Amino acid sequence: WRSTTDLLGVSKEANKEVFDQRDQAMVEYFSRMGPLQPMERRLRDALVAACSHATAPLRVSDLVNTDAALKEAWLEAKNRWITMTPPLEVSFSRWVELRVSDEVKVLREPYVVLNRKRGPPPAAAGALPAAKAPRINGGPVRAGPSSFGGVRSSKPIGSRPIGAPGR
């Protein structure tokens with residue numbers, strides 16, 4: 001069971017609507033901007049420099065939090081956008097996608113998650129139950145005297161390791 005509200009009691013539909021509105025505002029604003037502004041060029045340069053040191057793809061948040069020049073450039077840009085009238089809330093990864101996608105790519109790995117739990121899938125119509133797996137060293141089972149004078153426990157023929165002395 002999954003909750004349809006977040007921790008603040010806001011429905012997921014309302015959250016999605018707010019997210020979609022914020023994204024639409026970013027798309028509209030940046031599509032009207034034309035070439036990168038000086039502040040954006042500093043941010044792009046800091047991003048490219050930070051990425052050039054990486055040997056593998058990094059999480060956006062890790063990159064921003066570990067590179068001081070990038071963090072400073074991002075906070076400057078973010079503060080400028082949020083103090084505009086009306087304020088513009090910009091996510092770093094979305095800014096990268098909208099403004100510098102020719103130089104830096106935000107990767108989104110496809111993951112699949114079930115929205116609700118359910119039992120195992122129903123068997124196909126007319127399907128037979130799974131067959132019992134055959135014995136690896138199948139064959140008749142024999143019983144006989146053991147070297148201790150008693151009766152040896154049942155054991156399949158051919159169960160001796162290859163190259164073991166016979167009896």
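These numbers come from a predicted model, not from an experiment.
Residues satisfying the side-chain contact (heavy atoms from CB on, under 4.5 Å) test with S52, not counting sequence neighbours, are none. Taking the side-chain contact (heavy atoms from CB on, under 4.5 Å) definition, one finds that R94 meets it with D23, M26, V27, S91, E97, L98, sequence neighbours left out. With sequence neighbours excluded, no residue forms a side-chain hydrogen bond (donor to acceptor under 3.5 Å, both in side chains) with D62. Residues satisfying the side-chain hydrogen bond (donor to acceptor under 3.5 Å, both in side chains) criterion with E103, sequence neighbours excluded, are absent altogether. By the side-chain contact (heavy atoms from CB on, under 4.5 Å) test, E72 is found to be paired with no residue, residues two or more places apart in sequence or in another chain being considered.
The two atoms that bring V100 and R44 nearest to each other are CG1-CG, 3.6 Å, heavy atoms only. Considering all non-hydrogen atoms of both residues, A46 and A73 come closest at CB-CB, 4.2 Å.
A continuous path of ILVMFWY side-chain contacts below 4.5 Å connects M39 to V64, so both sit in one hydrophobic cluster. W81 is not connected to F19 by any chain of hydrophobic side-chain contacts under 4.5 Å among Ile, Leu, Val, Met, Phe, Trp and Tyr, and they are in different clusters. When hydrophobic clusters are built by joining Ile, Leu, Val, Met, Phe, Trp and Tyr residues whose side-chain heavy atoms come closer than 4.5 Å, directly or via intermediates, M84 is grouped together with F30. W95 and I82 are not part of a single hydrophobic cluster, where members link through side-chain heavy atoms under 4.5 Å apart.
For the pairing with V96, the side-chain contact (heavy atoms from CB on, under 4.5 Å) check across V60, L43, V106 returns one residue only, V106.
Here CG of L70 is found 11.0 Å from CG of D45. Values are rounded to the nearest 0.5 Å.
Looking only at side-chain heavy atoms (C-beta outward), K16 and E13 stay at 4.5 Å or farther from each other. L47 is not listed as a side-chain neighbour of D67, based on a closest heavy-atom distance of 4.5 Å or more.
Distance alone, capped at 3.5 Å, is enough to place a donor-acceptor pair between the N65 side chain and the S61 backbone.
Within the structure, salt bridge (Lys or Arg N to Asp or Glu O under 4.0 Å) pairs that include any residue of residues 25-41 comprise E40-R99 (at least two apart or interchain).
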